[in-house]
Each structure stands twice: as C-alpha cells, then as structure tokens.
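Beneath this line is the structure, given in structure tokens, with notes to follow.
Scope of the values below: all heavy atoms of this structure, side chains included, with no hydrogens, waters or symmetry mates. Only a predicted model underlies this, so the values are computations on that prediction, with no experimental measurement involved.
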Amino acid sequence: MEIRNSSENGSFPDPNPENAGSSLLFLGTGCSSVVPNAMCLLQPSDPPCKVCHQSLAVPPEKNPNYRCNTSLLIDYCGCDGEHKYVLIDVGKTFREQVLRWFIPNKIPRVDSIILTHEHADAVLGLDDIRAVQPFSPTNDIEPTPIYLNQFSMDSIGVKFPYLVQKKLKVGQEVRRVAQLDWRIIESSCEKPFAASGIKFVPLPVMHGEDYISLGFLFGEKSRVAYISDVSRFIPSTEFVISKTGAGQLDLLILDTLYKTGSHNTHFCLPQTLDAVKRICPKQALLIGMTHEFDHHRDNEMLAEWSKREGIPVQLAHDGLKIPINL
C-alpha cells in the first residue's frame with residue numbers, strides 16, 4: 001500500500017498498512033538554520049540559491065523545501081480509541097509549526113514531550129508550550145511531562161530558569177508560563193521509559209565526538225527509530241536497531257545535513273546512506289536537511305538508489321503524515 005503525503009509531493013509506502021488510527025506527523029525536517037536560509041536571501045549568490053529563493057514565490061505549505069527545525073509529533077491511538085500526542089523536540093520554530101500543522105490536522109494539545117538534546121533547535125520553543133496548554137493566568141493547570149537526560153536538564157535550568165523553578169520566591173509575582181513536569185531519563189538503551197502509553201528506548205549517538213544526543217526507538221507493532229542529530233553510531237545503539245542485531249526496523253528516520261562530503265557533528269548523505277545499508281530497515285525517511293537538498297530532484301535520485309539497494313529511502317518534508325500501527 002502507498003500513502004500520499006500531505007502536499008502531494010510524491011508517495012511513500014505505509015510502514016504498516018493495517019494501521020489502527022495512529023500516525024507520525026513531521027512538524028519540521030530542516031537543520032538548525034532552517035530553510036530558506038536567511039543568508040541566501042540577504043546576501044544572494046550568483047546565481048541565487050534556487051531552493052531558498054523559491055520560498056519567496058511558493059507558499060510554505062505547498063513548498064516541500066520549506067523546512068522548520070526537526071521535530072516529530074506522534075499521534076498515538078490506544079486500544080480504547082483515545083488519542084495521545086507525544087512531541088519530540090521543541091525548537092526555535094515551534095510556534096510556526098503549531099500554526100502550520102496542528103490546526104489543519106486538528107491536534108488539540110501535547111500530552112508529553114521528549115527531548116533529544118539541549119541545543120537551540122531542540123529546546124528554544126519551550127516557552128511556547130503554553131500555547132498548547134489550557135489557559136490559566138495563575139498557572140493552575142496540570143503540567144505536561146517532559147522527558148530528558150540530566151545533562152539537558154542542567155542546561156535548560158540555565159536557559160529557562162523560570163520554567164524549572166519549583167516555587168515562587170518571597171515577593172515574586174505569578175507570571176503565566178508553560179507548566180512542565182521534568183522527568184529525568186537515562187542515556188542508555190537498557191533504560192526504556194513510557195510516555196503517554198508508548199514505550200521509548202533511548203538511543204545514544206555521537207553528535208560530534210564531544211557530545212551525546214539521543215534518538216528513540218518506539219512502537220510494538222511497527223518498530224520506528226527516530227535519530228535527528230548524529231555523526232557516529234555507538235555500537236550498542238546500532239545493534240539495537242539493526243536487522244542483523246536486535247531486529248529489523250519498520251521505519252528509520254535519520255539525520256542528513258549536506259548532500260556531499262562530511263561534517264563533524266552530523267551525518268551527510270554519503271554517511272546516511274551507508275548507515276541505512278548497514279542497519280537495513282524496511283524503509284527510511286531523511287530529516288535535518290539544509291538548502292543543498294531540492295525535494296523533488298533529490299527524491300528522484302534517492303528512488304534510483306532505493307531500486308538499486310532494495311531499501312526505500314526518501315527525503316521527508318514538513319507536514320508529511322504517515323499512518324502507522326504502533
């Protein structure tokens with residue numbers, strides 16, 4: 001079975017056609033500087049960057065090359081038919097993503113948040129979480145659980161002290177801010193946790209040789225791995241998600257920054273495709289792209305690679321929604 005993506009930019013196989021009402025919604029598929037890259041518009045090259053300048057003529061919702069910070073919303077439909085919404089990462093473009101994708105997809109709230117790491121493109125939208133919480137001028141609402149490792153917690157405590165503060169100081173006024181229930185997880189494949197009824201396995205990966213970021217494995221009926229920021233796989237993590245290791249993934253969602261060469265903190269397309277071949281998922285979607293990638297043209301190239309290697313691989317795009325049985 002094939003599903004059509006939300007902007008009619010091609011098609012991609014359903015990871016599990018017998019879906020039970022759950023889905024994955026790609027809120028963002030771009031790098032930290034997003035696409036269009038502001039520098040391309042402020043100081044255009046000769047000739048101008050086609051991908052970035054296209055954004056001036058084509059509305060973002062119709063342009064698969066318009067990419068916000070990487071983020072995934074898991075719409076999980078339980079056995080009772082109730083939907084729970086789990087958000088992975090809350091970057092600089094979160095408010096824009098809510099306006100663009102929550103409204104047409106009728107997403108009413110966020111039930112849980114999971115953070116891969118504490119860099120700006122993963123956390124600087126945390127203040128805007130209040131937009132998807134019930135209104136209370138005195139913060140008298142149930143806080144949203146947010147799962148992160150201790151390193152990220154320490155960093156966010158410095159960036160957003162008012163979101164972490166447990167109680168007001170003497171004489172301090174109440175101000176309406178996002179209400180978050182901070183829950184520490186371990187950066188280990190051996191330490192799974194549950195969020196809104198879904199079991200998640202942390203997947204530590206190198207994001208530059210001086211830094212560990214987390215991916216996540218989830219899904220019982222369909223196994224999905226989401227890895228947004230990686231420059232090298234740790235052997236134990238690769239084993240957990242490999243066909244020759246703990247079992248084949250139904251879907252791998254994987255980082256790819258540039259089309260050629262290499263980068264010290266991210267996979268580029270050559271490393272991404274090498275990893276896809278090693279891990280051998282049933283299919284893969286790529287995220288984290290810069291303006292070097294042209295969605296239609298490069299998906300044609302990837303279609304040829306997929307036929308040759310026997311693993312369907314495509315670029316994801318903002319707004320892509322995939323029904324899946326979790």
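- Ser55 is linked by a side-chain hydrogen bond (donor to acceptor under 3.5 Å, both in side chains) to nothing, counting only residues two or more places apart in sequence or in another chain.
- Taking Thr29 as the reference, Asp318 meet the side-chain hydrogen bond (donor to acceptor under 3.5 Å, both in side chains) condition, with sequence neighbours excluded.
- Ser32 and Lys92 share a side-chain donor-acceptor pair at under 3.5 Å.
- Grouping Ile, Leu, Val, Met, Phe, Trp and Tyr by side-chain contacts under 4.5 Å, direct or through others, puts Tyr258 with Leu257.
- Annotation: ring pair (Phe, Tyr, Trp, His ring centres under 6.0 Å) contacts involving residues 57-94, sequence neighbours excluded, are absent.
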Show every donor-acceptor pair shorter than 3.5 Å between a side-chain atom in residues 112-129 and any protein atom, with sequence neighbours excluded, or say none if there are none.
{"unit_1": "Ser112", "atom_1": "OG", "unit_2": "Ser196", "atom_2": "OG", "d": "2.5"}
{"unit_1": "Thr116", "atom_1": "OG1", "unit_2": "Asp89", "atom_2": "OD1", "d": "3.2"}
{"unit_1": "Thr116", "atom_1": "OG1", "unit_2": "Asp89", "atom_2": "OD2", "d": "2.7"}
{"unit_1": "His117", "atom_1": "NE2", "unit_2": "His119", "atom_2": "ND1", "d": "3.4"}
{"unit_1": "Glu118", "atom_1": "OE1", "unit_2": "Ser155", "atom_2": "OG", "d": "2.7"}
{"unit_1": "Glu118", "atom_1": "OE1", "unit_2": "Lys159", "atom_2": "NZ", "d": "3.0"}
{"unit_1": "Glu118", "atom_1": "OE2", "unit_2": "Tyr211", "atom_2": "OH", "d": "2.4"}
{"unit_1": "Asp127", "atom_1": "OD1", "unit_2": "Tyr162", "atom_2": "OH", "d": "2.8"}

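- Residues passing the side-chain hydrogen bond (donor to acceptor under 3.5 Å, both in side chains) test with Gln133 are Thr144, sequence neighbours excluded.
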Donor-acceptor pairs under 3.5 Å, side chain of residues 241-248 to any protein atom, not counting sequence neighbours: which ones?
{"unit_1": "Ser242", "atom_1": "OG", "unit_2": "Glu238", "atom_2": "O", "d": "2.4"}
{"unit_1": "Gln248", "atom_1": "NE2", "unit_2": "Cys280", "atom_2": "O", "d": "2.9"}

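- In this structure, the side chain to side chain contact (heavy atoms under 4.5 Å, CB included) partners of Pro270, at least two apart in sequence or on a different chain, are Cys268.
- Cluster note: Ile212 groups with Met206, Ile234 through ILVMFWY side-chain heavy atoms spaced under 4.5 Å, whether in direct contact or through intervening members.
- Through ILVMFWY side-chain contacts below 4.5 Å, Val58 is grouped with nothing and stands alone.
- Taking a 4.5 Å side-chain heavy-atom cut-off between Ile, Leu, Val, Met, Phe, Trp and Tyr, the cluster of Phe239 contains only that residue.
- Screening Phe218, Tyr147, Tyr226 for a ring pair (Phe, Tyr, Trp, His ring centres under 6.0 Å) with Phe200, the sole residue that qualifies is Phe218.
- For the residue pair Asn299/Arg297, the side-chain donor-acceptor check at 3.5 Å is not satisfied.
- Every residue meeting the side-chain hydrogen bond (donor to acceptor under 3.5 Å, both in side chains) condition with Arg109, not counting sequence neighbours, appears here in chain and number order: Asp111.
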